[in-house]
Engineer: 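Take this structure, written in structure tokens, and hold onto it; I'll ask about it next.
First listed ligand is number 1; within each ligand, the first listed atom is number 1. In this chain, residues are counted from 1 in sequence order.
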Amino acid sequence: MRSGDGRNFETLDVEARIVGSEPSGLVAAAQPTLTAVPAASETSSSSPVVIPSPPTYPPETALSMEQRLKAIQRVSYDRNFRLCFFIPPDESTVLAYWPDPQERLLARLAAVPPPAVECRYEIRAVPGKGVGVFATEAIALGALIARERPLVIAPLLMTPESIEAIVRNMPQHIRDACFALHNCKPPSLPHFHGIINTNGIHIGDMPGQSMYGGFGGLYKDISRVNHSCSSNASHRWDLDTLTGELRAQRPIAAGEEVSFSYLSTDMPYGARHAYLRDKYFFTCVCAVCRLPPAARAQDDSARKQLATVSGMVQKGVYFDACAADLPRQLEIAALLEAATEEHPYVWCVVAGRLARTYCALGEREHAVRWASKAMAMTMVETGADGGWAAVVAAPEKTDVWLSQAIGSK
Ligand SMILES: C[S@@+](CC[C@H](N)C(=O)[O-])C[C@H]1O[C@@H](n2cnc3c(N)ncnc32)[C@H](O)[C@@H]1O
């Protein structure tokens with residue numbers, strides 16, 4: 001099992017991080033360090049631009065006592081397998097989890113109906129792939145394509161009996177939607193296990209459940225997204241609303257198929273094909289997989305190089321945001337720009353450092369360019385702009401720019 005990877009309940013392909021429960025590390029480190037402050041001449045007439053803080057966790061709900069009682073009554077308990085099930089009053093999901101003092105927190109999150117979003121996609125047949133998800137309008141980098149509460153939220157590691165218990169506890173409409181999903185597995189595997197292993201998307205940890213090895217979500221629509229080794233979208237899990245988000249990690253044209261990667265981005269061609277054949281029973285013929293052998297070898301080597309950079313960036317040891325390091329920052333940005341697969345988290349750090357450096361140098365055009373990139377990639381990673389919108393609007397009002405200006409007087 002590859003860490004941070006995982007698309008089904010057995011193997012983890014899609015990088016998803018729970019925002020709000022991440023104490024430090026990746027998501028926390030993705031937050032920009034620039035602080036926008038007003039220009040000296042404005043301090044008396046306007047207040048400083050404050051960079052938003054991360055969302056509070058856990059969110060409080062505004063449920064009535066009647067709704068709470070109804071929700072609690074619907075918690076059932078499978079005595080044989082120790083799995084609990086919670087079905088919220090709107091029957092939007094079946095939440096399966098292990099008994100824990102924090103289970104009411106999970107039930108409380110599920111009891112709040114998911115936020116409504118405009119539908120910017122449609123599902124239709126794709127020759128050779130079954131069905132797929134297509135953009136119905138142009139979608140900008142970082143923008144939301146879909147937000148959806150999974151039909152089922154369940155631990156990744158479950159016995160066949162626990163899986164059967166989930167099916168038994170499903171309301172009919174959820175069962176129908178689950179059974180309408182594709183099953184790529186051989187008939188030797190029970191049908192619902194096949195559906196879970198074909199369509200489940202890794203969503204990370206749940207409060208009080210960390211010792212059980214992560215959770216997966218089975219979505220009515222997001223599970224219809226097909227794979228590409230040069231994908232244009234990214235899935236992220238939002239614990240606060242118990243929903244999965246699909247965001248554009250590249251600009252997507254109206255009518256274009258939406259794809260994400262079922263794999264770790266550093267895998268070379270041969271390993272990707274073996275994995276997709278063994279787990280998902282298809283052969284990828286995306287643009288990268290159709291490259292001539294020499295170009296494909298070059299792509300494999302770029303993936304390896306970027307995996308090294310990504311590892312260093314994630315450990316926070318790569319480079320400083322300072323003018324002296326600018327050539328190295330630009331070198332990494334060029335590598336990322338040429339990559340056939342996106343690296344949103346690495347972009348957050350690299351574009352953020354470049355924006356900061358150009359603010360320190362007082363170069364507005366470059367500062368705005370890189371702050372815009374950092375903003376879009378922070379949206380992909382966290383669902384929020386992380387404070388970059390203020391930097392894009394007025395880089396000359398950031399503390400870095402101002403201290404440089406004061407220092408040069
Ligand atoms: C999670 S489902 C995706 C939705 C699926 N196409 C459907 O019809 O419901 C995964 C399955 O879709 C198909 N698939 C996904 N990506 C594909 C691709 N790039 N080329 C061909 N088939 C693909 C494979 O059959 C795979 O087992």
Side-chain angles (χ1 to χ4, degrees), residues 2 5-16 119 121-135 145-146 148-154 156 163 174-203 215-237 244-246 249-250 252 255-265 267-291 296 299 340-342:
R2 208 170 269 104
D5 299 340
R7 174 136 222 298
N8 60 38
F9 283 10
E10 302 168 327
T11 53
L12 317 176
D13 293 337
V14 175
E15 283 195 25
C119 194
Y121 62 92
E122 64 183 6
I123 295 173
R124 58 172 202 253
V126 202
K129 298 185 188 172
V131 298
V133 173
F134 290 81
I145 305 164
E148 191 181 346
R149 179 164 286 173
L151 298 162
V152 176
I153 302 171
L156 293 165
I163 295 177
I174 291 197
R175 185 172 310 167
D176 291 347
C178 286
F179 279 85
L181 291 170
H182 180 59
N183 174 11
C184 73
K185 300 288 178 176
S188 52
L189 196 69
H191 188 51
F192 192 65
H193 302 204
I195 287 175
I196 284 184
N197 290 339
T198 305
N199 299 281
I201 297 178
H202 183 216
I203 59 176
F215 273 64
L218 204 57
Y219 295 92
K220 179 172 144 296
D221 291 350
I222 296 179
S223 287
R224 298 292 192 176
V225 175
N226 288 317
H227 163 86
S228 168
C229 304
S230 174
S231 59
N232 56 18
S234 174
H235 166 270
R236 80 169 263 281
W237 177 244
E245 280 186 0
L246 198 58
Q249 61 176 14
R250 287 187 180 160
I252 301 177
E256 190 180 336
E257 182 174 5
V258 175
S259 58
F260 54 54
S261 176
Y262 293 6
L263 308 158
S264 172
T265 50
M267 285 168 85
Y269 173 81
R272 291 201 306 274
H273 274 235
Y275 182 87
L276 294 170
R277 205 177 40 240
D278 293 351
K279 294 282 175 198
Y280 294 102
F281 297 86
F282 73 90
T283 301
C284 186
V285 288
C286 73
V288 181
C289 291
R290 282 187 276 114
L291 288 171
R296 197 195 287 159
D299 182 61
T340 52
E341 185 61 88
E342 284 300 347

Engineer: At under 4.0 Å between heavy atoms, is it the side chain or the backbone of Ser223 that contacts ligand 1, or both, or neither?
Structural biologist: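 Within the 4.0 Å criterion, Ser223 contacts ligand 1 through backbone atoms alone.
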Engineer: Any atoms of ligand 1 less than 4.0 Å from a non-hydrogen atom of Cys184? List them with their elements.
Structural biologist: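 Counting atoms of ligand 1 from 1, those under 4.0 Å from Cys184 are 27 (O).
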Engineer: Could you list the atoms of ligand 1 found under 4.0 angstrom from a heavy atom of Gly128?
Structural biologist: 21 (C), 22 (N)
Engineer: Out of curiosity, is Val225 lining ligand 1, as in a heavy atom under 4.0 Å away?
Structural biologist: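 Val225: in contact with ligand 1 (<4.0 Å).
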Engineer: Ligand 1 versus Tyr280, non-hydrogen atoms closer than 4.0 Å: side chain, backbone, both, neither?
Structural biologist: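 Answer for Tyr280: both.
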Engineer: Ring of Phe134, cation from Arg124 - is the NZ or CZ under 6.0 Å from the centre and inside 45° of the axis?
Structural biologist: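 Verdict for Phe134: a cation-pi partner in Arg124.
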Engineer: Heavy atom to atom 19 (N) of ligand 1, shortest distance: which of Lys279, His227, His182 holds it?
Structural biologist: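 Of the listed residues, His227 has the closest heavy atom.
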Engineer: Look at the rings of Tyr219 and His235 and say which category their plane angle falls in: under 30° parallel, 30 to 60° tilted, over 60° perpendicular.
Structural biologist: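 Rings of Tyr219 and His235: perpendicular, as their planes differ by over 60°.
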Engineer: Quick one: closest heavy-atom pair of Thr198 and Cys184, and the distance?
Structural biologist: OG1-N, 3.0 Å
Engineer: Any N/O of Phe281 closer than 3.5 Å to an N/O of ligand 1?
Structural biologist: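 Checking ligand 1 against Phe281, no N or O pair falls under 3.5 Å apart.
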Engineer: Please report the closest heavy-atom contact between Tyr275 and Leu263, naming both atoms and the distance.
Structural biologist: CD2-CD2, 3.0 Å
Engineer: Flag Lys129 as yes when one of its N or O atoms lies below 3.5 Å from any N or O atom of ligand 1, and as no otherwise.
Structural biologist: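 Yes; at least one N/O pair falls below 3.5 Å.
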Engineer: Is Glu245 reaching over with its side chain to a backbone N or O of Ala146, donor-acceptor style, under 3.5 angstrom?
Structural biologist: no
Engineer: Using a 4.0 Å cut-off to any heavy atom of Asn199, which atoms of ligand 1 qualify?
Structural biologist: 1 (C), 2 (S)
Engineer: I'd like to check which ligand 1 atoms, numbered from 1 as shown, lie under 4.0 Å from a non-hydrogen atom of Gly130.
Structural biologist: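 With Gly130 as reference, the close atoms of ligand 1 come out as 8 (O).
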Engineer: Please identify which of these residues, Ser228, Ser231, Ser230, meets the side-chain hydrogen bond (donor to acceptor under 3.5 Å, both in side chains) condition with Glu341.
Structural biologist: Ser231
Engineer: Below 6.0 angstrom between ring centroids: does that apply to Phe215 and His202?
Structural biologist: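 No, too far apart.
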